[in-house]
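First up is the structure itself, then whatever we jot down about it.
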Amino acid sequence: MTRYSAADIEAKWQAAWDKADVFRAAKSGDKPKYYVLEMFPYPSGRIHMGHVRNYTMGDVIARQKMTTGHNVLHPFGWDAFGLAAENAAIDKGIHPAKWTYQNIEDMKAQMKPLGISHDWSREIATCHPEYYRHQQSMFLDFLEKDLVYRRNAVVNWDPVDMTVLANEQVIDGKGWRSGADVERRELTQWFFKISDFSQELLEALEGLDNWPAKVRLMQENWIGKSRGLQFSFERTDGAGEIEVYTTRPDTLLGASFIGISPDHPLAKSLAKTNPDVAAFRAECAKGGTTEEALEKAEKLGFDTGLTVKHPLDDSWELPIWIANFILMDYGTGAIFACPAHDQRDLDFCRKYNLPVVDTFFALDNHKPVGNEAFVPPKTEKVKWVNHFAGLDVATGQEAIDATIDLAEKDGWGLGVTKFRLRDWGLSRQRYWGCPIPVVHCETCGVVPEKKENLPVQLPDDVSFDQPGNPLDRHPTWRQCTCPKCGGEALRETDTMDTFVDSSWYFARFTAPRAETPTDAEEAGYWMNVDQYIGGVEHAILHLLYSRFFARAMHICGHLPAEAVEPFDALFTQGMVTHAIYENAERRTDNGRAIYHYPEEIADHDGELVVRETGEKIKVIPSAKMSKSKNNVVDPVTIIRDFGADTARWFVLSDSPPERDVEWTAAGAEAAHKHLTRVHRIVTDIVASDTPTSPTEDEALLREMHKTIHDVTGGVESFGFNAAIAKLYAFSNTLSRSKAGTHTKRQAATALVQLMAPMTPHLSEELWTMLGHDGLVTTAAWPVPDEAMLVDDTVTLPIQINGKRRAEIDVPKDMNKAEVEKIALSNDAVQRALNGAAPKKVIVVPGRIVNVVV
RNA sequence: GCCCGCGUGGUGGAAUGGUAGACACAGAGGACUUAAAAUCCUCAGGCAGAAAUGCCGUGCCGGUUCGAGUCCGGCCGCGGGUACCA
């Protein structure tokens, strides 16, 4: 008897697939196409369990589709530009390109043994000029179609390193290398006009039936459509007005002050003459740019001393304050505050001793406003103290609509629809990204590079010995000729956000070597992605940007109209998480936490310590595996010790794919044991010669058909863990069955085929062992016999008052009255009834009986 | 802060509004073995009970329903996103 040796089997069958070239995709007329795509990885250098989980899921889908008559495209590539490469350049002195390409090689070497059905002939890397030249060319198309523009926007500025920081590089408001207080600073930057598509991107969400509801909801909220009132408060000094936008115009009677953003034109102009305003603005500019940082920052205010008039009452004056929590990017950069009915406004008023206009709702037990605002839900009816907008009693929404109507009728305001979605800033002041193909000319201004001059290629000779963008200080790279006037000009040194790279790679995969960004015929055939799979952390940005990009590409003729929603079905897998081990005794020189790899940790009598030094460890429970936290677990050892099939089986079993899983080392061994057992079960069957036994054979075949049915359903609906549970159960059934050898071989064949998408190498081996020709990878998927799926009798639980008390076996199609009669004559029911008649009897055919006593 | 999600035995988890705990891991007991490993068999939510059985039980509080892990409302805890990590 041969033992299961993953190493031998896996190398052998991978070679066989290569030889038969089974995963190379090509257009074909005779089969429906199926494009399955996993989100491509960032080449960090090591694959981790999250990758294995992601690609294995995609592989199960791809392989199962191959065997159900589909022409499958399953490509792979690298999201290769990014910040980490520059950090490596700074920390280790390696050139970002060298680091990236080396990582790609390393990760490929770790990926290949997994036996994923990727078509490697289509491999792309976004940092390759052959990729980004098409991206530059599309940027020029977008420019021509007015989908790109420049304006000022804020960045995180490190005043010590004199450099722009990513949000990730701002920790508690300080630069991660310098430790200096970060400031917000304005730069002129490039933007995609994604906000022009707000309404369309919102509406089209409804059609995405095969996307998770939560992702659609998150995008809907992100786009954030709102209808509100836009109107102006006139300044009492006659020097103009303050325009505000509010989604709660119904609270206008409670207006207590006007707040403007520190970046509001009025605040800026006051700062020119008033040093206190300038100082306050500088104070507000401290800290990072994230919405979280802005929202959580301590609320600060500054009294301008100016006042405005209430639009409904000329004698009602309100003060104008500058407040740090008001964003210039949303609405008009100015608001009115209603402290009686908004907690944040109330807190602000209490802090700065501003007068608070009392509640204007007629509350049953009215008390003057204390430190708690009364916030009725938009759908709740409230009664007014005074008639307002012609209303006496109304819900918030009715009041909002009525107020807008009133304002429009009386001519002092306008109902306006706004979106939260902002334009997509794509400028990055960094080296390792796709250069933005424009030049700056003294005479012509900003001029697009000529397409024939693409790619605008990154220079290789750059240094990272000082902070900032190396492109800015490169001795020659910037110098170029103006494409318009032919005079001397300077290249743009901003590169593109890496989200641009990942917003169209799925389209490039359909024709990865085409001379244009896409090939109309190939894109027409392969698009859309039928099944897209990736981490839920991409629910908003990547997926929304891609939806925009597909529309923009369509406008420029790079994608057909049907491809504006590029992902027909989306599955968001959960993350593989792991505890983070923070050193509790030591920090870095500039006070940052030190994180240790799981393998550096030892357990000393229940206390976790650093193995080498014995330093105590603070365990941070469970978080997304992240390089910066050193909590990434490496799957390579599992593959080496147990083989790819074990790793694949293991990541699919036990946890539902959409759920986060906490990584544990235990379990891989168990998965391997099971595969060994399947190998032994099949080996034993092949060697056996048991005569047929009608009842045993029938029982086994019934189980086989049920298993085929359940596993097929599981695989097609991402219920991989449930499918694997069925396969475990069926292995048990098969191994204990007394059926004849002929039937057992049939059952073993089904088992091997059903396992094939998950454990393709082992399945190929056993397929051959069972005497089948060809590859199980291309053999037709088994189909269950419907007649074998239904049992003649069913076991019905009997509940008394909703609690299970007994069960009865009845023929499956027995009518309700019969079932009720049998149920009522049951001992447990008789006991519960104690001679009385039941109040009610519910019979759900084939399901349950509930007797109410 | 805001948006989204999740919470079930010692552990991972299963369960179209219909028998809560399938299938596994760890555990206990047994068979085989000189012994161990491997393998096979059995047990196993908690409490009470010899057992039959009864009561409790899906983060907490409340609601809808003949029936709630599942639907609704309110909390608590954890995770993701928060526009320059990808």
Side-chain angles (χ1 to χ4, degrees), chain A residues 39-42 44 79 81-84 87 155-156 164-170 189 194 212-215 217-222 224 288-297 325 329 344 420-430 497-499 501-502 535-542 544-545 572 574-575 577 621-624 626-628 653-656 658-662 664 666-667 669-671 673-674 676-677 680 719 721-722 724-729 732 735-736 795-799 801-807 838-842 844 846-852:
Chain A
M39 290 180 186
F40 67 165
Y42 180 76
S44 58
D79 188 13
F81 275 135
L83 202 50
N87 292 333
V155 294
N156 301 304
V164 176
L165 297 178
N167 286 335
E168 188 191 47
Q169 298 171 320
V170 179
Q189 307 194 67
I194 187 172
K214 65 176 172 188
V215 175
L217 187 56
M218 278 189 262
Q219 294 216 352
E220 185 184 326
N221 291 335
W222 185 263
T289 58
T290 66
E291 192 189 324
E292 185 191 7
L294 295 171
E295 282 283 337
K296 283 189 175 167
F325 58 87
D329 281 336
R344 187 176 64 178
R420 203 187 78 100
L421 180 64
R422 305 197 300 257
D423 278 333
W424 171 11
L426 68 124
S427 287
R428 296 294 180 269
Q429 295 70 40
R430 281 197 269 281
D497 178 9
T498 56
F499 273 121
D501 313 336
S502 56
V536 68
E537 67 271 24
H538 295 292
I540 296 174
L541 294 181
H542 162 60
L544 191 61
Y545 289 153
T572 51
M575 285 165 306
T577 61
S622 191
K624 172 171 114 170
S626 142
K627 246 188 108 116
S628 60
S653 54
D654 285 353
S655 46
E658 69 279 5
R659 193 123 114 203
D660 290 352
V661 290
E662 168 78 0
T664 60
E669 201 163 337
K673 255 186 211 178
H674 178 70
T676 308
R677 180 161 177 253
R680 189 173 52 245
N721 56 324
I724 282 184
K726 300 281 181 197
L727 288 167
Y728 267 108
N732 290 337
S735 114
R736 286 165 204 169
T795 303
L796 289 187
I798 299 178
Q799 295 183 330
N801 292 338
K803 287 185 187 288
R804 188 183 68 93
R805 282 298 122 92
E807 34 183 59
K839 283 196 190 128
K840 197 170 180 183
V841 180
I842 289 124
V844 185
R847 273 283 172 205
I848 205 163
V849 181
N850 191 11
V851 181
V852 185

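Chain letters run A, B, ... following the sequence lines, proteins first and then strands; every chain starts at 1. Bear in mind that the values here come from a model prediction, so they are computed numbers and not experimental data.
- The base of B:C4 has none of its N or O atoms less than 3.5 Å from a complementary donor or acceptor on the side chain of A:E537.
- For the atom pair CH2 of A:W424 and CG of A:L544, the computed distance is 9.0 Å after rounding to the nearest 0.5 Å.
- Contacts of A:G425 with the nucleic acid, taken as non-hydrogen atoms under 4.0 Å apart, involve only primed sugar atoms and P, OP1 or OP2.
- Of the listed nucleotides (B:C84, B:G7, B:A24), B:G7 has the atom at the smallest distance from the side chain of A:R659.
- For the atom pair A:E220 CD and A:I540 CD1, the distance stands at 11.5 Å (nearest 0.5 Å).
- If you take CZ on A:R680 and OG on A:S735, they are separated by 8.5 Å, rounding to the nearest 0.5 Å.
- Here B:G54 is the nucleotide among B:G54, B:C84, B:A20 with the atom lying nearest to any side-chain atom of A:R805.
- When heavy atoms are screened at a 4.0 angstrom cut-off, A:N721 is found touching the sugar-phosphate backbone but no base atom.
- A straight line from NZ of A:K673 to P of B:A37 spans 11 Å, rounded to a whole angstrom.
- The distance from atom CZ of A:R677 to atom P of B:U39 is 9 Å, rounded to the nearest whole Å.
- Between the C1' atoms of B:U64 and B:G13, the separation comes to 29 Å (whole Å).
- Below the 3.5 angstrom threshold, one finds a donor paired with an acceptor across the side chain of A:Q429 and the base of B:C84.
- Partner of A:F499 under the side chain to side chain contact (heavy atoms under 4.5 Å, CB included) criterion, out of A:D79, A:L426, A:L541: A:L541 alone.
- A:L217 comes within 4.0 angstrom of sugar-phosphate atoms only, judged by non-hydrogen atoms across all strands, and of no base.
- In the set B:G18, B:C40, B:C4, the nucleotide with an atom closest to the side chain of A:R680 is B:C40.
- Looking at heavy-atom distances under 4.0 Å, A:Q189 makes contact with a base.
- Within the nucleic acid shown, A:P41 has no heavy atom closer than 4.0 Å to any nucleic acid atom.
- Looking at the side chain of A:A725, the nearest of the listed nucleotides B:C23, B:C84, B:A86 is B:C23.
- Here the nucleotide nearest the side chain of A:R804, chosen from B:U82, B:A20, B:C85, is B:A20.
- The NE2 atom of A:H542 sits 11.0 Å away from the OG1 atom of A:T498 when rounded to the nearest 0.5 Å.
- Stem regions for RNA chain B, each three or more consecutive Watson-Crick or G-U pairs with both distances under 3.5 Å and listed by first number, read B:1-7 with B:76-82, B:10-12 with B:23-25, B:27-31 with B:39-43, B:45-48 with B:53-56, B:59-63 with B:71-75.
- A donor-acceptor pair under 3.5 Å is formed between the side chain of A:Q169 and the backbone N or O of A:A166.
- For the P atom pair drawn from B:U58 and B:C3, the interatomic distance equals 29 Å after rounding to whole Å.
- For B:G9, the glycosidic angle deviates from 0 by 90° or less, giving a syn base.
- Looking at the side chain of A:K214, the nearest of the listed nucleotides B:G80, B:G67, B:C4 is B:C4.
- Comparing the P positions of B:C41 and B:A26 gives an interatomic distance of 16 Å, to the nearest angstrom.
- Residue contacts shown for A:L83 are limited to sugar-phosphate atoms, with no base heavy atom under 4.0 Å away.
- B:U33 and B:A52 have their C1' atoms separated by 40 Å, with the value rounded to a whole Å.
- Relative to the side chain of A:Y42, the nucleotides B:A86, B:G1, B:C56 differ in distance, and B:A86 lies closest.
- OP1 or OP2 of B:A86 has at least one side-chain nitrogen or oxygen of A:T498 nearer than 4.0 Å.
- Across the protein-nucleic acid pair, A:Q799 atom CD and B:U65 atom P stand 17 Å apart, rounded to whole Å.
- Here A:V852 lies in heavy-atom contact (under 4.0 Å) with sugar-phosphate atoms only.
- Computed from coordinates, the A:L294 CG to B:C2 P distance equals 15 Å when rounded to whole Å.
- Rounded to a whole angstrom, the distance from the C1' atom of B:U70 to that of B:G59 is 16 Å.
- No donor-acceptor pair under 3.5 Å is formed between the side chain of A:D660 and the backbone N or O of A:G574.
- With B:G18, B:C84, B:A83 as the candidates, the nucleotide lying closest to the side chain of A:R428 is B:C84.
- Rounded to whole Å, atom C1' of B:C41 lies 9 Å from atom CZ of A:R736.
- Two residues, A:E807 and A:S653, neighbour RNA chain B, and the one matched to the more 5' nucleotide by heavy-atom proximity is A:S653.
- Within the nucleic acid shown, A:K296 comes within 4.0 Å of at least one base atom, counting heavy atoms only.
- Note: NE2 (A:H538) to P (B:A83) measures 15 Å, nearest angstrom.
- One cannot find a donor-acceptor pair under 3.5 Å joining the base of B:G5 and the side-chain atoms of A:E658.
- Residue-to-nucleotide proximity on RNA chain B shows that, of A:N732 and A:F499, the 5′-proximal contact is made by A:N732.
- Among the protein residues, A:V155 comes within range of the nucleic acid bases, having at least one heavy atom under 4.0 Å from a base atom.
- Using atom C1' as the reference point in both B:U11 and B:G27, the two lie 11 Å apart (nearest Å).
- Judged by distance alone, the side chains of A:S653 and A:N721 never bring a donor and an acceptor atom under 3.5 Å apart.
- When the C1' atom is compared between B:G10 and B:G21, the two are found 14 Å apart, to the nearest whole Å.
- Atom CD in A:E168 sits roughly 9 Å away from atom C1' in B:A86 (whole-Å rounding).
- Between the CZ atom of A:R847 and the P atom of B:U19 there is a distance of 7 Å, rounded to whole Å.
- Side-chain atoms of A:N221 stay outside donor-acceptor range of the base of B:C3, with no qualifying N/O pair under 3.5 Å.
- Between the side chains of A:R677 and A:N732, at least one donor N or O sits under 3.5 Å from an acceptor N or O.
- Base contact: A:W222 has a heavy atom under 4.0 Å from a base atom.
- Atom name P, nucleotides B:A86 and B:U39: the rounded distance is 46 Å, in whole Å.
- When heavy atoms are screened at a 4.0 angstrom cut-off, A:Q169 is found touching no nucleic acid atom at all.
- For the atom pair CD of A:E807 and CG of A:L796, the computed distance is 9.5 Å after rounding to the nearest 0.5 Å.
- You'll find that the side chain of A:N850 is closest to B:C66, out of B:C84, B:U82, B:C66.
- Rounding to the nearest 0.5 Å places CZ of A:F81 at 13.5 Å from CZ of A:R428.
- For the pair A:K839/A:V851, no side-chain contact is recorded, criterion being any heavy-atom separation below 4.5 Å from C-beta on.
- Considering only the side chain of A:Y728, B:A24 comes nearest among B:A24, B:U19, B:A86.
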